[in-house]
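Sequence lines set the chain letters: A, B, ... in the order given, protein chains first and strands last, and positions in each chain run from 1. Atom set for the values below is all heavy atoms of this structure, side chains included, hydrogens, waters and symmetry mates excluded.
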Number of protein chains: 2
Amino acid sequence: MARTQGSHSDITGPRIREAALRLFARHGFAAVSMRQIASEVGVQAGALYNYIPDKQALLASLLRGHMDDLLAAWQAEATTGDTTEKLERFVRFHIRYNLERPDAIFISYMELRNLTPENFAQIEALRKTYESTLEGILRDGHEAGRFDVPDPAVTTYALIAMLTGVNTWYRSAGRLTVDEVCDIYWTMTRRMIAASSEA
Amino acid sequence: MARTQGSHSDITGPRIREAALRLFARHGFAAVSMRQIASEVGVQAGALYNYIPDKQALLASLLRGHMDDLLAAWQAEATTGDTTEKLERFVRFHIRYNLERPDAIFISYMELRNLTPENFAQIEALRKTYESTLEGILRDGHEAGRFDVPDPAVTTYALIAMLTGVNTWYRSAGRLTVDEVCDIYWTMTRRMIAASSEA
DNA sequence: GTCTTAACTGAACAAGCGTTCAGATCAAGC
DNA sequence: GCTTGATCTGAACGCTTGTTCAGTTAAGAC
């Protein structure tokens, strides 16, 4: 086990993932070549195969890594509070988390079709898990009489789409801060589910 | 001008567009080869170039065609009624129109990055035009005191994302009819903009 | 029946693809 | 200072890519 220090492997590995994430988001999985990724890392294409089995596995690993991080981050945030507070936290969390990782979010929605059926099923299950936490909140709030949500499944789809949509238009140099955006979306959410107290 | 009847050109042309639309939506622009498209049409790859200058122009033409159709269809629908009626019509129109053309909608959101800057600017302008009609409705309703929409721009983004999201989950064999989906989304919309009369 | 020409074939082009691998490189271990 | 082995190079592999074009086909015009 020579060269455990001074080795480049602990640098090259992450750099491959970063370069691939950026390039896949910018040009699409199919349009990016292994040579382009290698070139961004400053290495020959063959060297990539010290770190990944093949191109498909690289994509799958990026997507799985993103979903794992997302679920862990939400679980760290989702502990205390009543139903309304939980929902507000979800709304703000989702917007912030997505805005901080535009590339990962982008390929998570765009490149699912480039996964093998096996990999697709895994990633899709993780996303379902995440969306189910929102649906659970809506269902709880409805049953407790705090929300009016006749169709929690459809409302979940609508909310996720609405919140994720922020990534398509928000620019940090623009008119609004992230906080202001969160406030606006939380107001719209509160109205959508007819929660009381428009504070 | 021989063979004006019995010619295949008026058949092959549209079939190329249909095949390309379907394949691009299914696998992505970069992942589909001209030979795949030709094979679907039942023709050799070289024959495609009697109908299109190159692959990029084919994509641009599909997207432009879709946006033209969309704008024309909405203009045919958007004539009479007060502001609330107009908004309701927009919500139902958008959902229905999108559900009827899932492939065109899909590539319109996914393949914009594969356009040359020129083509991108053109398509983007058409989409902006469409979204502006919604923003206009929201602005009118707000000024008339019928809606409460402090930020029409953001609300437009939120609504468009929410409505377009239906395409990602709706299946005609599922639990809900299109009419029921439209009803649910119109209720959510009405609440979001705090329109009166929850009829 | 001949001419014309739109429509298409089939082969070719240079370029690029994902992936493999023998060999060079060089820091760490002893 | 020699050995070890992780890391990377550079060339090669068979294959596919978008696009071109000389030549074949066949239907309408006369």
**Message:** So that I can tick it off, tell me whether R15(B) and E18(B) are bridged by a salt bridge, with the cut-off set at under 4.0 angstrom between side-chain N and carboxylate O.
**Reply:** no
**Asked** Is any side-chain N or O of T12(B) closer than 4.0 Å to OP1 or OP2 of dA7(C)?
**Response** no
**Request:** Let me have a per-nucleotide readout for nucleotides 10-23 of chain C, 5' to 3', with B, S or -, counting only protein heavy atoms under 4.0 Å.
**Result:** B-B----BBBBB--
**Request:** Measure the distance from CD1 on I37(B) to P on dT16(D) and round it to the nearest whole Å.
**Result:** 17 Å
**Asked** Nearest-Å distance, CD1 (I11(A)) to P (dA6(D))?
**Response** 18 Å
**Message:** Rounded to whole Å, how long is the line connecting atom CG of L48(B) with atom P of dC21(D)?
**Reply:** 16 Å
**Prompt:** Are R139(B) and E135(B) ion-paired here, with the side-chain N under 4.0 Å from a carboxylate O?
**Reply:** yes
**Complete:** Minimal heavy-atom distance between L138(A) and P152(A), with the atoms involved, is CD1-O, 4.0 Å
**Prompt:** Residues in ring-ring contact (aromatic ring centres under 6.0 Å, His included) with F120(B), at least two apart?
**Reply:** none
**Item:** Whether F90(A) and F93(A) hold their rings parallel, tilted or perpendicular, with breakpoints at 30° and 60°
**Value:** tilted
**Asked** For T116(B), which residues count as a side chain to side chain contact (heavy atoms under 4.5 Å, CB included) partner, sequence neighbours excluded?
**Response** Q56(B), E118(B), N119(B)
